[in-house]
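Read the structure below first, then the notes.
Each chain gets a letter, A, B and so on, in the order its sequence line appears, and its residues count up from 1.
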Amino acid sequence: MRWSEAFIPTLRDDPADAEAVSHKLLVRGGYMRQLMAGVYSMLPLGQRVRAKVMAIIKEEIDSIGGQEFLLPQLHPSTIWEETGRIETMADIIMSFEDSKGGTVILGPTHEEIFATVATELTSYKQLPQLWYHIQTKFRDEARPKSGLLRVREFTMKDSYTFDVDFEGLDLQFDRHLGAYKRIFDRLGMDAVAVRASSGAMGGKESVEFMVRSDVGEDEVAACSSCDYAANLETATSTLAAIEDPGGMSEPERFATPGVRTIADLEVFDGGARSDRQIKTLVYLLDGEPALVLLRGDHALQEQKLADTTQSIEVRAAHAEEINNILGADAGSLGAVAVDGERILADEQLRGRRAMTTGANANDFHLRGVDIERDIAVNEWHELRTVEAGESCPNCDGVLEVFPTIEVGHIFKLGTFYADKLGLSVLDENGTMIPIVMGSYGIGVERNMAASIEANHDEKGIVWPIEIAPYHVVITVVRPDDERSSEVSAAIYDELTAAGVEVLLDDRKERPGVKFTDAELIGIPLRITIGPRGLESGVVEFAERRSGERRDVAIANAASEVLAFLEAAHS
RNA sequence: CGGGACGUGGCGCAGCUUGGUAGCGCGCAUCGUUCGGGACGAUGAGGCCGUCGGUUCAAAUCCGACCGUCCCGACCA
């Protein structure tokens, strides 16, 4: 492709509405343009990269036995009613009414639709199956952001597995795990597989693939010495036990005028260290109130609360609701002598004595509280949020916590869809058994963006070879110089014939502009051809990633490019 | 959904407080000089000032409503 004929609208300035590096570079580099919030047009460069990402994904899923389908984007709402997800996913589902008055859903994902096709599976002999497609998804995200990282219309590869039992599911799951690792590796990302919350969708187990990034939305706790890594939503740690002093025979109430926070009580005369206080939170779990108790210096992990109580809607009670339930305001709450409310306590409070907590009367607290004696805890759970610096639960290493981008998520769905949609086969005894499903997603555009987050410098994008829109850019310093254009055309032809994707920068621009653009759009190798080098029979190679430059004899240019590509692939 | 900011040529912005001919940089077009790291000069094209309504002799500017975009939070199989 000649750059002079290509549509590559690069921009000198960062777009005003971009924050994330990948967003800025994709727009500045002429890869895409925004149409509306969370919806982007892919320009030629963007589409080339997108196609390459899809090709890699397809290759890896095919390699573990995947069969490619193409299921519709338009779904009848009735199928979504059968699984109940029209309710649970209501906030992101986009739909419209057709001319007959029926509701049509723009597919946010395809479990229901693949499962519908799978009703044709009737015998155990037909299993296992691994089906997938690469399709546009629509999700009305409340807040699209960061360019391609969080959008409302995007492409996803989603695969689904169908097995006779959980052993089969485990095998398919492990194969996907391997395929996904290879995919992220080829996309130039160091993805960590972490255990995740499977959410409210009846999943037994799920693994997320996370790439470290400042613009990530999920936090991961990872051990610096072993391979422990988990989404903060499920992460645990080992904490040193705290020695409590001798207790009292019963709690003692004392006045604490103006004390409203854990920190206030720490410095209050007669107060207590935060790790010797009990924090009392009031939550509504699917509308039902519950008291949640934590050590004073610990933070609640709401997802753990939701998972452990099987709740869909979890939220902190409002000030008014708190007062109605406990008769005091936040800052003076406690669970001592509370009767008739569901009380959940974090494991870290087990056995603690002589603790200080609110007295359920404004401006009063209790000291000398023995949890097991004085509080009617109904359930003990792991509920707190792990913090950086704590000890790894698996070894004696230290945990670090950092933001990440979720680039893939794989689920063991189990028999949820089989139960809802009647997926079953007859086994060898003629008994009807439910089909065990798994589902496995990768967002194509999000992975493009995540790859940029992981592969860029102050000059622009640094694409991994496999997904670069072009392998090589030939920068013709003086396109009006006859010898320059002859040599560049010759090298261009030779490389193209060898299957190399080359962008020939023959624009009538100053060299600086061309160098800057080539670096911005991130082509892995630049060949600079100008009169100065040609005089001594050479062209210049400049590697984007290392910045390394070297002169190469004209005659060797093409073969050296092939060697470079070869080396980069291995 | 709560909080905040912003909407002015293709891009980035000023002008609005104090109403009166719409401006700057980049980019774009033509010509000339340049030409191995974002050149210079000359000339020129390009704007329903987000939309609707109100106030006024007169609105980019004041008032109201709406729409849109971004950021923080909530949310996110």
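- We find that CG of A:Leu421 is positioned 15 Å from C1' of B:A77, with the value rounded to whole Å.
- The distance between atom CD of A:Glu153 and atom P of B:C76, rounded to the nearest whole Å, is 23 Å.
- If you check every strand for non-hydrogen atoms under 4.0 Å, A:Lys145 touches sugar and phosphate atoms only.
- Spacing between atom CG of A:Asp218 and atom C1' of B:C76 amounts to 9 Å, rounded to whole angstrom units.
- B:A77 atom C1' lies 13 Å from atom CZ of A:Arg446, rounded to whole Å.
- To the nearest angstrom, P of B:C75 lies 10 Å from CD of A:Glu233.
- Rounded to a whole angstrom, the distance from the C1' atom of B:G12 to that of B:G38 is 16 Å.
- Taking atom CD1 of residue A:Ile405 and atom P of nucleotide B:C76, one finds them 20 Å apart after rounding to whole Å.
- Between A:Tyr132 and A:Phe69, the gap from one ring centroid to the other reaches at least 6.0 Å.
- Comparing the same atom, P, in B:A65 and in B:C75 gives a spacing of 30 Å after rounding to whole Å.
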CA sep, side-chain torsions, deciding dist, call: A:Leu148, A:Ile452, side-chain contact (heavy atoms from CB on, under 4.5 Å): CA-CA 11 Å; A:Leu148 294 183; A:Ile452 293 175; over 6 Å; no

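- Residue-environment remark: CZ (A:Arg507) exceeds the threshold of 12 foreign heavy atoms within 6.0 Å.
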CA sep, side-chain torsions, deciding dist, call: A:Tyr180, A:Ile61, side-chain contact (heavy atoms from CB on, under 4.5 Å): CA-CA 8 Å; A:Tyr180 273 44; A:Ile61 300 301; 4.1 Å; yes

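- Between A:Tyr440 and A:His409, the distance separating the two ring centers is not shorter than 6.0 angstrom.
- In this structure, A:Arg315 reaches neither bases nor backbone, as no heavy-atom distance under 4.0 Å exists between it and the strands shown.
- Ring to ring, A:Trp131 and A:Tyr160 are not that close: their centroids are 6.0 angstrom or more apart.
- Looking at A:Glu111, A:His110, A:His176 one by one, the single match for side-chain hydrogen bond (donor to acceptor under 3.5 Å, both in side chains) with A:Ser439 turns out to be A:Glu111.
- Comparing A:Glu141 and A:Ala37 along RNA chain B, the residue whose closest nucleotide (by nearest heavy atom) sits nearer the 5' end is A:Ala37.
- When the P atom is compared between B:C49 and B:G32, the two are found 39 Å apart, to the nearest whole Å.
- With the nearest nucleotide of RNA chain B identified for both A:His110 and A:Gly38, A:Gly38 has the one nearer the 5' end.
- For the residue pair A:Asp505 / A:Thr475, no side-chain donor-acceptor distance below 3.5 Å is found, with atom types taken as modelled.
- Residue contacts shown for A:Ala142 include a base, since a base heavy atom lies under 4.0 Å away.
- In RNA chain B, consecutive stretches of 3 or more Watson-Crick or G-U wobble pairs with both distances under 3.5 Å are given as paired ranges: B:1-7 with B:67-73, B:10-13 with B:23-26, B:28-33 with B:39-44, B:50-54 with B:62-66.
- Look at the C1' atom in both B:C62 and B:G20: the space between them is 14 Å, to the nearest Å.
- A:Met36 places its CE atom 15 Å from the P atom of B:C67, with the value rounded to the nearest Å.
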Under 4.0 Å protein heavy-atom contact, by nucleotide of nucleotides 33-41 of chain B - B base, S sugar-phosphate only: -BBBBBB--

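- B:G41 and B:G37: their C1' atoms are spaced 22 Å apart (whole Å).
- For A:Gln303 and B:A74, the CD to C1' distance is 14 Å, given to the nearest whole Å.
- When heavy atoms are screened at a 4.0 angstrom cut-off, A:Ser146 is found touching the sugar-phosphate backbone but no base atom.
- Dashed line: the shortest gap from a side-chain N or O of A:Gln34 to OP1 or OP2 of B:C70 is under 4.0 Å.
- Crowding of A:Asp214 atom CG: a count of heavy atoms from other residues, nucleotides or ligands under 6.0 Å not exceeding 12.
- Distance check on atom C1': B:C63 versus B:C16 gives 14 Å, rounded to whole Å.
- Comparing the C1' positions of B:A29 and B:G46 gives a spacing of 11 Å, expressed to the nearest Å.
- Between B:G2 and B:G64, the distance separating the two C1' atoms is 23 Å to the nearest Å.
- A cation-pi contact, defined as under 6.0 Å to the ring centre and within 45° of the axis, links A:Lys412 to A:Phe173.
- A:Arg143 contributes no side-chain N or O that forms a donor-acceptor pair with the base of B:C76 under 3.5 Å.
- Within 6.0 Å of the CD atom in A:Gln67, the count of heavy atoms belonging to other residues, nucleotides or ligands exceeds 12.
- Closest to the side chain of A:Asp17, out of B:A74, B:C70, B:G25, is B:C70.
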